[in-house]
Structures are given as C-alpha cells and as structure tokens.
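What follows is a set of notes on a single structure, which appears directly below.
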Amino acid sequence: QVQLVETGGGLVQAGGSLRLSCAVSGGTLSSYSMAWFRQIPGKESREFVGSISWRRGSTYYKDSVKGRFTISRDNAKNTVYLQMNSLKAEDTAVYYCAADPDPGRLGVEVTSRQAYDYDYWGQGTQVTVSS
C-alpha cells in the first residue's frame, strides 16, 4: 500500500519561507510523477500548485507561485519537497502531495495539473501565512 506523509507546515509571517516534505512508502518514488496541490479555506476543490516529472525531474508551476516555490525530489530518500519562499497571505491553505504511478501514459515529461490523475494522496499539512 502506497502511503504519502506530508510534514513541514506551520505558521509563518508574510515574506517568510517554509519547506514541505512528502515521504513516500510502499512504492518506488522514481517511477512516479509527483505534484503538490492545495485547498484554500472555503473552497471545495484542490488547486494545482506544481509538479515534477518522474524521468528527468522537469517541473511545472501554477503561475502565481512561479519564482517563489520550487519542487524537488530525492529518489534515494523517497521524498519530494516543496520549498516556498516569499510567502503571501493568499498561500494559506492545506497542502497535499500526490503521486501518479502511471505517468508514461501522458507522454514524455508530461505531468497533469488535474487532481483526478493522481492516485495516491497524503493527509495534508496546514500552511498559514499571517499578513
């Protein structure tokens, strides 16, 4: 059974930084494309934040976080990271990592921005940015 566990959330002032980690167990991270989503208070759906491809580690981001957030992966540690800098109040959300175990079906270096394309999810970690 594949499990994802996010850590690293917390309370930070606007302009500050946090690094989220997503530890993967029960599966092989190197075979998965990974993504981070977030659910903003009052919204029902989770929105795409960024993703990293399984093969070459290509990264893709939501426009509003480009230049501030960075996704990376350490396959040896079975862990994916989300480094968040210059945080804003509007980044406040529960952050989830997700795994796509069949990324090849989308094409070479293609990752999805749709939550329904990811089969495995963590429990989420709260990030609160105070203004």
**Request:** Would you check if the side chain of Gln39 reaches a backbone N or O of Arg46 as a donor-acceptor pair within less than 3.5 Å?
**Result:** no
**Asked** Got a second to check how far Ser21's OG is from Asp74's CG, nearest 0.5 Å?
**Response** 10.5 Å
**Request:** Treating Ile, Leu, Val, Met, Phe, Trp and Tyr as nodes and any side-chain heavy-atom pair under 4.5 angstrom as an edge, say whether Val127 and Leu82 lie in one connected cluster.
**Result:** yes
**Fill in**
Here the pair of heavy atoms bringing Ile40 nearest to Glu90 is CD1-O, 4.3 Å
**Request:** Output yes when a side-chain donor or acceptor of Ser112 lies under 3.5 Å from a complementary backbone atom of Gln114, and no otherwise.
**Result:** yes
**Working for side chain to side chain contact (heavy atoms under 4.5 Å, CB included), residues Cys97 and Val80** = CA-CA 8 Å; Cys97 67; Val80 177; 6.0 Å; no
**Message:** Which residue in the set Asn75, Asp100, Val2 passes side chain to side chain contact (heavy atoms under 4.5 Å, CB included) when paired with Tyr32?
**Reply:** Val2
**Message:** Could you see if Val129 belongs to whatever hydrophobic cluster contains Trp36? Use Ile, Leu, Val, Met, Phe, Trp, Tyr and a side-chain cutoff under 4.5 Å.
**Reply:** yes
**Request:** Could you tell me the separation between the OG atom of Ser131 and the CG atom of Leu87, rounded to the nearest 0.5 Å?
**Result:** 12.5 Å
**Request:** Rounded to the nearest 0.5 Å, what's the gap from OG1 on Thr111 to CD1 on Ile52? Could you check?
**Result:** 9.5 Å
**Message:** Which heavy atom of Ser33 sits nearest to which heavy atom of Pro103, and what is that distance?
**Reply:** OG-CB, 3.2 Å
**Asked** Taking it one step at a time, do Asp91 and Arg38 satisfy side chain to side chain contact (heavy atoms under 4.5 Å, CB included)?
**Response** CA-CA 9 Å; Asp91 294 319; Arg38 66 188 182 188; 3.0 Å; yes
**Prompt:** What are the two closest heavy atoms between Tyr60 and Arg113, and how far apart are they?
**Reply:** CB-NH2, 4.1 Å
**Message:** Walk me through whether Arg105 and Asp117 qualify under side chain to side chain contact (heavy atoms under 4.5 Å, CB included).
**Reply:** CA-CA 11 Å; Arg105 77 194 186 286; Asp117 279 322; 3.3 Å; yes
**Message:** Can you give me the closest heavy-atom contact between Ser17 and Asn85, atom names plus distance?
**Reply:** OG-OD1, 2.9 Å
**Asked** Shared ILVMFWY cluster between Leu18 and Tyr96, side chains joined below 4.5 angstrom?
**Response** no
**Item:** Parallel, tilted or perpendicular: rings of Phe69 and Tyr95 (30°, 60°)
**Value:** tilted
**Nearest heavy-atom neighbours spanning Ser51 and Ile71** = N-CD1, 3.2 Å
**Request:** Just say parallel, tilted or perpendicular for the rings of Trp121 and Phe37, cut-offs at 30° and 60°.
**Result:** tilted
**Point-to-point distance, once rounded to the nearest 0.5 Å, from CD of Gln1 to OG of Ser25** = 9.0 Å
**Prompt:** Are the side chain of Glu6 and the backbone N or O of Leu20 linked by a donor-acceptor pair below 3.5 Å?
**Reply:** no
**Request:** Heavy atoms only: give me the nearest Val65-Val49 pair and the separation to one decimal.
**Result:** CG2-O, 3.6 Å
**Asked** Has the side chain of Thr125 got a donor or acceptor atom that lies under 3.5 Å from a matching backbone atom of Gly9?
**Response** yes
**Request:** Compare all side-chain heavy atoms of Met34 with those of Tyr120 and state whether any distance is below 4.5 angstrom.
**Result:** no
**Item:** Thr59 side chain near Thr70 side chain, heavy-atom distance below 4.5 Å
**Value:** no
**Prompt:** Can you find a pair of side-chain heavy atoms, one from Gln126 and one from Thr92, that are under 4.5 Å apart?
**Reply:** yes
**Request:** List the steps and the verdict of side chain to side chain contact (heavy atoms under 4.5 Å, CB included) for Met84 and Arg68.
**Result:** CA-CA 6 Å; Met84 304 185 293; Arg68 300 189 297 122; over 6 Å; no
**Message:** Let me check something: do Tyr118 and Leu4 share a hydrophobic cluster, defined by ILVMFWY side-chain heavy atoms less than 4.5 Å apart, either directly or through other members?
**Reply:** no
**Message:** Does any part of the side chain of Arg73, heavy atoms only, come nearer than 4.5 Å to the side chain of Leu29, both counted from C-beta?
**Reply:** yes
**Gap between atom SG of Cys22 and atom CG of Asn78 - 0.5 Å precision** = 10.0 Å
